[in-house]
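Lettering follows sequence order; numbering is per chain, from 1.
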Amino acid sequence: GAGVSQSPSNKVTEKGKDVELRCDPISGHTALYWYRQSLGQGLEFLIYFQGNSAPDKSGLPSDRFSAERTGGSVSTLTIQRTQQEDSAVYLCASSLEDGFNQPQHFGDGTRLSIL
Amino acid sequence: QQQVKQSPQSLIVQKGGISIINCAYENTAFDYFPWYQQFPGKGPALLIAIRPDVSEKKEGRFTISFNKSAKQFSLHIMDSQPGDSATYFCAARGGKLIFGQGTELSVKP
């Protein structure tokens with residue numbers, strides 16, 4: 001079966017532009033996570049969706065970041081008015097059900113470069 | 001208190017040797033400790049995980065050792081192979097997964 005799919009794989013944009021990053025989780029997975037991985041850093045939690053519950057947005061670094069998950073499947077992470085410090089790899093993961101002890105399956109990420 | 005500290009940042013091991021990566025945490029409420037392996041250009045993949053009521057878990061050449069009193073856990077890779085060259089992340093669950101900074105492992109042939 002297909003794994004977690006992210007698009008685009010690479011995105012280069014100018015400072016101040018808005019960007020949208022897409023994540024298609026594994027079919028049947030109810031939990032979806034977004035992380036940010038900066039060069040030489042670990043994975044920074046951004047946001048977590050579980051079924052129809054309100055998302056955990058506690059990791060979003062600023063109000064320029066937002067995410068939605070439509071129909072309990074595809075998710076979009078939006079960054080408005082991008083800044084150079086937003087340059088990073090954005091990773092999406094999904095898991096079978098609620099709880100962070102369920103294995104998280106990661107996509108290959110979107111490498112975002114802000115000029 | 002939510003941090004997970006990982007060391008070393010990079011590691012070079014000869015083929016056939018033992019690779020050891022260490023992690024330390026502060027929050028005693030953490031209840032699940034996975035290790036992830038990441039190859040360049042790919043997302044992390046779960047390698048092995050342990051719960052704090054177990055002191056050791058072994059899967060093939062990979063072993064997690066867990067010291068609850070010291071709040072430390074480590075990954076041992078026995079008989080390291082060039083194909084093991086990757087970045088390894090430890091993590092701890094405390095409501096959400098908190099990741100270490102990563103260790104870049106290079107296994108020389």
A side-chain contact here means heavy atoms from C-beta on lying under 4.5 Å apart; do Thr110(A) and Pro8(A) qualify? yes

Tell me, side chain or backbone of [X] under 4.5 Å from chain A's heavy atoms, or both, or neither?
X	result
Tyr36(B)	side chain
Gln38(B)	side chain
Pro44(B)	both

Per-residue contact mode, [X] against chain B (heavy atom under 4.5 angstrom):
X	result
Leu43(A)	both
Glu44(A)	neither
Ser58(A)	side chain

Distance alone, cut at 3.5 Å: any donor-acceptor contact between the side chains of Asn67(B) and Ser69(B)? yes

Just say parallel, tilted or perpendicular for the rings of Phe45(A) and Tyr35(A), cut-offs at 30° and 60°. perpendicular

Salt bridge (charged side-chain N to carboxylate O under 4.0 Å, His left out) between Asp18(A) and Arg64(A), worked out: CA-CA 9 Å; Asp18(A) 297 351; Arg64(A) 297 186 295 105; over 6 Å; no

Considering residues, nucleotides and ligands other than Glu85(A), do more than 12 of their heavy atoms fall under 6.0 Å from its CD? yes

